[in-house]
Amino acid sequence: MKSPFLTMVAEQMYLKRYAKSTIKAYLYWIASFIRFNSMRHPTTMGHNEVELFFSFFKLV
C-alpha cells in the first residue's frame, strides 16, 4: 500500500479484528473517495464532498 493514510487505516482495522474482506472493501471506497476529490486528504473534506461522492455513485 502506497499511502501512509491508507496504511494507517488498514492497520487500525486489523487491530480491531475487521475481516480481511471488510478491510479490502473499506480501503477501496476510501481510495475512490480520495481520487474523486482530486487526491485531497480526507481530513480536509466534509459533508459536501461526501454528498457529491455518494450522489455520483448513486450510493444514497
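Between F36 and F56, the angle of the ring planes lies from 30° to 60°, which puts this pair in the tilted group.
Panel note: side chain E49, backbone G46; a donor-acceptor pair is recorded below 3.5 Å.
Atom CE of M45 is separated from atom OG of S38 by 9.0 Å, given to the nearest 0.5 angstrom. Rounded to the nearest 0.5 Å, atoms OG1 (T22) and NZ (K16) are 13.5 Å apart. Rounded to the nearest 0.5 angstrom, L52 CG and N37 CG are separated by 7.5 Å.
Across all non-hydrogen atoms, the minimal contact from L6 to L27 is O-CD2, 3.7 Å. Annotation for T43 and H41: closest pair OG1-ND1, 2.9 Å, computed over non-hydrogen atoms. Across all non-hydrogen atoms, the minimal contact from F5 to P42 is CE2-CG, 3.6 Å.
In this structure, the side chains of I34 and M39 come closer than 4.5 Å at one or more pairs of heavy atoms. Under the 4.5 Å side-chain criterion, counting only non-hydrogen atoms from C-beta, M8 is in contact with Q12.
Residues F53 and Y28 fall within the same hydrophobic cluster, defined by Ile, Leu, Val, Met, Phe, Trp and Tyr side chains chained together at heavy-atom separations under 4.5 Å.
Few gaps surround CZ on F33; more than 12 heavy atoms of other groups in view lie less than 6.0 Å from it.
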